[in-house]
Amino acid sequence: MDDWQRFLIAMDKSETSRRAVRYVGHMARGLAEKHICLLHVYPEPPPDFYTRGGRLDRYQMVKDERAGIFLQDASIILEEMGISGRDISQQISMAEGRTISQAVLDIRKEGGFGTVVTGKRGVSKAEEFLFGSISNALARHARDFTAWIVG
Amino acid sequence: MIDLNPFPLRILPRLKDHPALRSLRRQPRIWRDTSDFTSIDYGDIILVDNRWFLVVGYMREGRFGIDEQPKQWVPKVSDLETGESNILKLVFHETYSIKFGDLKVTCYRNPEKEARVLELVRGNPAFMQGYSVLDDADNLVRILDVVQGNRMDKYLQRLGEGHEEYFRDHLVGVLQRFLLSVQAIAYLHSHGLKHGDIRRDHIFVDWDSGHFSWIDFDYDFYLPERPYAMDLFGLGNCLLYIVGRRNFRFQDVLEDPELGEKIASSLRVEDMSLLARDRVFNLQKIYPYIPDRLNAILMHFSAGTSVIYDTVDEFHDELADCIASL
């Protein structure tokens, strides 16, 4: 079991993600030893991306820039809650050849994060069937770590 | 009179005698670049991979209930050297959306993906065979063998008189063959590839051996978190058709004299498809002799399910156990 005080928050720009950030802020601020990584994983470009003349470096630059903004906002939320900037890190990654949830799980393992946190959108069964649910996938694969799903 | 000088000697015997050219009032054009496929006509020749393919027709396809349209990017051809019949698939990039109520899935034609599938499944009888080459303009042309068989949905119609006889005498054999088709899709997924357009008319039944072969792999979807969801959905629909030997919409049940209002009024939202809400998945309400275990697999694709299949492997394993119990 990895160190539970190492938190990995898998997030996007949604309000539920911000709720997850605030929740972790409440839970972690009293801990002497802690680390919170704010993570955004985005998908590979669609199948017709290259035939339409797309360039991967530009795609990644746009995605990185957009994610950088809401990850920075999340850092500010945590710092305003009393978490030191030294205990916060940010990571942006593209899910290359894998699903977003698989990428999150891989990053969790590589970083030894004992607690993975994500917001729950509340999707229908049909949406879950077609588009999946990161929170459900994390809950299903939660072995050797703890998953917090914030609704 | 056709000028035969531009053509190599080895194709002349078939070229001169072919009915497609005997009736032609113009010189056949030779296409080494297939970019402008809409201009390629009956009686023209597509020259790729040093093979001279005479265009003798076009494949047709329609979504169910829609008239079949010729697909100009899929000409039927005759190899003028060997006399072999083939199907060519030319590059046609198309994007459209499939709607499931409020949900929308974007669909793409992806020639590169089809080429990769053909490469992976070479020699595997569960799949249509063929290979890919580049034409002079670097278009990825797929050269396909003609599948010697019949569409599965049409094939099923000839098995047994009524549904009960079909169910009793034929269903297990059909399911056993379908299970191999499911396994074949799981094999694609294990290599990071999807079929992309799983439908009951995209399984062909070999005229001689009766084995099932998948055809048409050029569709692709953008579902980053559930890349194989549309394949799973297609497999569920195929199973539904195999078990029921037809599809039932609410209106079909209502209008069927053997089913009528009594059965129709028993149908709930939970009995219908998870994604296409007018399609009945709870076939046990229509055919009460369908075993619970088989119906339970169908119900995983219904609006009432609490558990969805995550992978084709899960679907395969449950179906295999179920078939063994029938």
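Chain letters run A, B, ... following the sequence lines, proteins first and then strands; every chain starts at 1.
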> Does NZ or CZ of B/R200 come closer than 6.0 Å to the centre of the six-membered ring of B/Y241, within 45° of the ring's axis?
Replying inline: yes
>> Quick check for you: among A/G97, A/P45, A/A103, which has the greatest number of heavy-atom pairs under 4.5 Å with chain B?
In response: A/P45
> Can you tell which of A/P47, A/S101, A/A137, A/S124 has the highest number of heavy-atom pairs within less than 4.5 Å of chain B?
Replying inline: A/P47
At a heavy-atom separation under 4.5 Å, does [X] approach chain B through its side chain, its backbone, both, or neither?
X	result
A/Q102	neither
A/A126	both
A/E127	both
A/R140	side chain

> Does the side chain to side chain contact (heavy atoms under 4.5 Å, CB included) test come out yes or no for B/F92 and B/F37, once each step is laid out?
Replying inline: CA-CA 8 Å; B/F92 173 38; B/F37 63 79; 3.6 Å; yes
> Do you know the tightest heavy-atom contact between B/F221 and B/V105?
Replying inline: CD2-CG1, 3.5 Å
> Side chain, backbone, both or neither: which part of B/L275 has an atom under 4.5 Å from a heavy atom of chain A?
Replying inline: side chain
>> Please classify the contact of B/Y228 with chain A as side chain, backbone, both or neither, using a heavy-atom distance under 4.5 Å.
In response: neither
> Among B/R109, B/K194, B/K113, B/R116, which one satisfies salt bridge (charged side-chain N to carboxylate O under 4.0 Å, His left out) with B/D220?
Replying inline: B/K194
>> Here's a test for you: under side chain to side chain contact (heavy atoms under 4.5 Å, CB included), which of B/I297, B/D317, B/L175 qualifies with B/C322?
In response: B/I297
>> Looking only at heavy atoms and a cut-off of under 4.5 Å, which of B/T305, B/I308, B/T95 has the most pairs with chain A?
In response: B/I308
> Among B/T106, B/D310, B/L223, B/L103, which residue forms the greatest number of heavy-atom pairs with chain A at distances under 4.5 Å?
Replying inline: B/L103
>> Under a plain distance cut-off of 3.5 Å, with no hydrogens placed, do B/S39 and B/D36 share a side-chain donor-acceptor pair?
In response: yes
>> Salt bridge check, A/D73 against A/R18: does any charged N sit closer than 4.0 Å to a carboxylate O?
In response: no
